[in-house]
J.: 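Please read through the structure below; I'll follow up with questions.
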Amino acid sequence: MTLTQENAFLTASSFSNNPATAAAELKQQLSSTEISSVIFFCSAEYDLQALSFALNENFQTVKLVGCTTAGEITPNGYGQGCITAIGFEKQGFALEIAAIECLEDFELTDAQKLVDQLINDCRSHETAPIKGNTFALTLLDGLSIQEENVLVALNAALGSIPHFGGSAGDDIHLAKTHVFFDGEFHTDAAVIMLINTIYDFEVFSTHHMHQEHEKLVVTAADAETRTVYELNAEPAAVEYARVIGVNVDDLNHEVFALNPIAVKLGDEFFVRSIQQVNDDLSLKFYCAVENGIVLTEMKPGDLASDLLKKIDEIKARIGEPQLILGCDCFLRRLECERLGYSESVSEILRQNNVIGFNTYGEQMEGMHINQTFTAVAIGRNVNV
């Protein structure tokens, strides 16, 4: 892809499992003096130390940030075991980056200081006024169990600046996830990007879940570890399996993907995805859970139709996007694979210029959510 007046991005991908080759292929595809910043998403199957060395060698003159994934969204749709990237053109974007290296201790005062600095740095580029022309993107360690703590603080500090993001994955090994900044891959860390642009954009999210009738009350839980011991005063895994009509021994990622449960906040439902069944028949979740919350059984609708409908709504407001940077829950992808419509969804992503990754959790306006597609669509119309 080449830069034109109507396209302020370069996009790239490499399916080589050799870190040096992959980084070189990205560099070749992103070779433009107009590119000042690159965001990448890579499989955790890479030798990350070798990959960081190769990326640093190839991108010495640009800001470079990224994370590991549970699947990639490339210029050609879904990818697996690869690396994909976006290069931002310096005339249309000011992108500033800040790292959070101790998630547990992150507080509102830290968030305010960090956001103020990012705003000042963006303003110094004189690309566009901050208000109405700026959004935030966060990438967090997806196994840190600290997303809620960080997001609440950041959301308060960001004020009216829209925000979305995703939690890094590790190809569903659930062992260690990484965020890349300052030339290295980090754990127990996060990165926040403030992106100021001359172009129209819209931050959005969507999911395709519909409520059923069964309710599950959390009657015993450890909020700090996101572990639910009892649902409806029964062992959590046993009660969940009963409600969805399967045996406990059959519970796995695919079953969780096709049988989600959600909490209702206001008039909307937000999925709380299950990560695994523990030996004591408790359930570990990807999102915050606590005693007393009521979870509702949900059933998936038509994922492809929902995604197309949402993108069409965006197009009606800002026109044809030149890029959609998307954070797509890995459980959505598992559902596509299980039900046999991966290729059709992949084609939707390709046709609508979606680049991004499959996450261990999505972030939207200070909330940590699951089984959702969160994104920013960047249009072609100049807004300054």
Side-chain angles (χ1 to χ4, degrees), residues 41 43-45 67-73 78-82 140-145 147 166-178 207-209 212 216 225-228 231 235-263 269-289 295-301 303-304 307 326-343 345-346 356-362 368-374:
F41 308 103
S43 168
E45 300 299 328
C67 70
T68 56
T69 75
E72 300 77 50
I73 304 174
Y78 279 142
Q80 192 76 50
C82 64
L140 287 92
D141 179 339
L143 297 176
S144 65
I145 320 182
E147 287 97 332
S167 299
D170 67 346
D171 296 283
I172 323 182
H173 294 304
L174 302 179
K176 190 172 286 188
T177 61
H178 295 80
H207 69 73
H208 61 299
M209 301 300 172
E212 296 289 299
L216 294 161
T225 62
R226 299 175 179 165
T227 302
V228 173
L231 291 168
V238 173
E239 183 67 356
Y240 170 73
R242 180 195 67 79
V243 164
I244 66 172
V246 304
N247 295 321
V248 171
D249 292 341
D250 294 329
L251 295 177
N252 57 32
H253 288 306
E254 288 187 355
V255 172
F256 299 149
L258 296 174
N259 298 274
I261 48 181
V263 61
F269 285 92
F270 297 93
V271 176
R272 292 288 183 260
S273 293
I274 300 167
Q275 183 182 118
Q276 63 188 40
V277 179
N278 299 319
D279 291 340
D280 61 359
L281 297 180
S282 62
L283 296 173
K284 187 170 184 178
F285 282 70
Y286 282 103
C287 266
V289 286
L295 298 166
T296 300
E297 180 190 10
M298 309 289 283
K299 288 295 181 185
L303 188 154
L307 183 58
C327 302
D328 189 31
C329 183
F330 85 97
L331 291 171
R332 287 167 56 91
R333 181 161 177 171
L334 282 183
E335 178 188 333
C336 290
E337 293 171 354
R338 177 67 176 82
L339 299 181
Y341 48 81
S342 289
E343 289 188 10
V345 173
S346 186
F357 73 112
N358 296 115
T359 78
Y360 279 177
E362 303 74 63
H368 183 214
I369 49 185
N370 296 133
Q371 277 180 268
T372 303
F373 181 82
T374 66

J.: Is it the case that the side chain of N252 and the backbone of E254 share a donor-acceptor pair, with hydrogens and angles ignored and the cut-off at 3.5 Å?
T.: yes

J.: Nearest 0.5 Å, what's the NE2-CG distance between H208 and L307?
T.: 10.0 Å

J.: Taking the side chain as every heavy atom from C-beta outward, state whether T69 and N358 have any pair of such atoms under 4.5 Å apart.
T.: no

J.: Examine distances only and state if a side-chain atom of R272 and a backbone atom of I261 form a donor-acceptor pair shorter than 3.5 Å.
T.: no

J.: So do the side chains of M209 and P300 get within less than 4.5 Å of each other, counting heavy atoms only?
T.: yes

J.: Evaluate the side-chain proximity of V277 to L283: yes if any heavy-atom separation is below 4.5 Å, no if none is.
T.: yes

J.: Rounded to the nearest 0.5 Å, how far does OG1 of T68 lie from CG of D171?
T.: 8.0 Å

J.: Quick one, N259 with V246, criterion side chain to side chain contact (heavy atoms under 4.5 Å, CB included). Give me CA distance, side-chain angles, the key distance, then yes/no.
T.: CA-CA 10 Å; N259 298 274; V246 304; 5.5 Å; no

J.: Strictly distance-based, threshold 3.5 Å: is any side-chain N or O of E297 a donor or acceptor partner for the main-chain N or O of E212?
T.: no

J.: For residues V248 and A237, report the shortest heavy-atom separation together with the two atoms involved.
T.: CG2-O, 3.9 Å

J.: From I244 CD1 over to M298 CE, what is the distance, rounded to the nearest 0.5 angstrom?
T.: 14.5 Å

J.: Is a side-chain donor-acceptor pair under 3.5 Å present for E362 with H207?
T.: no

J.: CD1 of I73 to CG of D328: how many Å apart, nearest 0.5 Å?
T.: 5.0 Å

J.: To the nearest 0.5 angstrom, please state how far the CG atom of L339 sits from the CG atom of L303.
T.: 9.5 Å

J.: Is any side-chain heavy atom of L143 closer than 4.5 Å to a side-chain heavy atom of Q275?
T.: yes

J.: Would you check if the side chain of T372 reaches a backbone N or O of N370 as a donor-acceptor pair within less than 3.5 Å?
T.: yes

J.: With Y286, which of F270, Y360, F256 fulfils ring-ring contact (aromatic ring centres under 6.0 Å, His included)?
T.: Y360

J.: If we ignore hydrogens and angles and just use 3.5 Å, is the side chain of S346 paired with the main-chain N or O of Y78 as donor and acceptor?
T.: yes

J.: Taking D170 for the side chain and A44 for the main chain, is one N or O donor matched with an acceptor at less than 3.5 Å?
T.: no

J.: Should K284 and V228 count as side-chain neighbours, where that means a heavy-atom distance under 4.5 Å?
T.: no

J.: Could you check whether atom CD of E343 has more than 12 heavy atoms from other residues, nucleotides or ligands sitting under 6.0 Å from it?
T.: no

J.: Taking the side chain as every heavy atom from C-beta outward, state whether F373 and C327 have any pair of such atoms under 4.5 Å apart.
T.: no

J.: Mind checking the OG-CG spacing from S282 to L231? Nearest 0.5 Å is all I need.
T.: 10.5 Å

J.: May I ask you to test the I274-L251 pair for a side-chain heavy-atom distance under 4.5 Å?
T.: no

J.: Please report the closest heavy-atom contact between T359 and C329, naming both atoms and the distance.
T.: OG1-CA, 3.7 Å

J.: Which atom names give the shortest non-hydrogen contact between V289 and T227, and what distance separates them?
T.: CG2-N, 4.3 Å

J.: If you look at every heavy atom in S342 and R333, which pair is closest and at what distance?
T.: OG-O, 4.5 Å

J.: Using a strict threshold of under 4.0 Å (side-chain N to carboxylate O), is an ion pair present between R338 and E335?
T.: no

J.: Are the side chains of V243 and L216 in contact, using a 4.5 Å heavy-atom criterion?
T.: yes

J.: Would a distance-only check, ignoring hydrogens and angles, find a side-chain to backbone donor-acceptor pair under 3.5 Å from N247 to D249?
T.: no

J.: Would you say Q371's side chain and R332's backbone share a donor-acceptor pair under 3.5 angstrom?
T.: no

J.: Establish, from distance only, whether the side-chain atoms of D141 and T177 form a donor-acceptor pair under 3.5 Å.
T.: yes

J.: Please assess Q80 against E45 for the test side chain to side chain contact (heavy atoms under 4.5 Å, CB included), listing each intermediate value before the final yes or no.
T.: CA-CA 10 Å; Q80 192 76 50; E45 300 299 328; over 6 Å; no

J.: Considering all heavy atoms of both residues, which atom of V345 and which atom of A304 are nearest to each other, and what is their separation?
T.: CG2-CB, 4.1 Å

